[in-house]
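One structure is given here, and the rest of the page talks about it.
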Amino acid sequence: MPTVFGRGARTKERTGFLRRLGEGLALPVAALPAAGLLLRVGQEDLLGGVSVLAPAAAMVSAVGGAVLGYLPLLFAVGAVFGLQRDRDPHAAMAAITAYLAISHACLDLNPLPADRLGTLPVSNRTEL
């Protein structure tokens, strides 16, 4: 018997969908603390400041930066794996392909030159 809140088969389907999506997104989230620690440990005021360990610290920091740099790709693959019931690797390849296609299309359509990508936009508005 349906109720006001829609408890029934459709609610179980929605709950199952959200549970699977949450499980898929949990893996990239679990990688965040490790990536943050690696990035921090390699900085110059920790291991990077020791001259003997500077090359190793740069490598450790680069590994943490790589994980954080490819975080959108990790989330795309995690979401696809979470939504797939049979964990098909073809779906992961499709997610990677879609992410790369969309990100490169956005970069191609971006009106900013490459040297201004990391800067804040300049507003022509004057504040009152």
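Atom set for the values below is all heavy atoms of this structure, side chains included, hydrogens, waters and symmetry mates excluded.
- Screening L38, L39, L74 against V67 for a side chain to side chain contact (heavy atoms under 4.5 Å, CB included) leaves a single residue, L74.
- Using a 4.5 Å cut-off on side-chain heavy atoms (C-beta onward), V29 and F75 make contact.
- Using a 4.5 Å heavy-atom cutoff, the side chains of I96 and V80 are not in contact.
- Listed here is the closest heavy atom pair of L71 and P28: CD1-O, 4.3 Å.
- Heavy-atom minimum distance, A30 versus P33: O-CD, 3.4 Å.
- At least one donor-acceptor pair under 3.5 Å links the side chain of T97 to the backbone N or O of M93.
- Residue R40 holds its CZ atom at 10.0 Å from CG of L47, rounded to the nearest 0.5 Å.
- For the atom pair CG of L53 and CE of M59, the computed distance is 11.0 Å after rounding to the nearest 0.5 Å.
- Taking CG from L25 and CZ from F81, the interatomic distance works out to 13.0 Å, rounded to the nearest 0.5 Å.
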Item to complete: Start with the C-alpha distance between L83 and F17, add both sets of side-chain angles, then the distance that settles side chain to side chain contact (heavy atoms under 4.5 Å, CB included), and finish with yes or no.
Response: CA-CA 7 Å; L83 295 177; F17 171 80; 3.3 Å; yes
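- Contact detail for A95 and A76: the closest heavy-atom pair is CB-O, 3.9 Å.
- Using a 4.5 Å cut-off between side-chain heavy atoms of Ile, Leu, Val, Met, Phe, Trp and Tyr, with links allowed through other members, V50 and V41 fall into the same hydrophobic cluster.
- E44 CD: 12 or fewer foreign heavy atoms inside a 6.0 Å radius.
- Under the 4.5 Å side-chain heavy-atom criterion for ILVMFWY residues, no single connected hydrophobic cluster contains both L46 and L37.
- The two residues R20 and G82 come nearest to each other via the heavy atoms CB-O, 2.9 Å.
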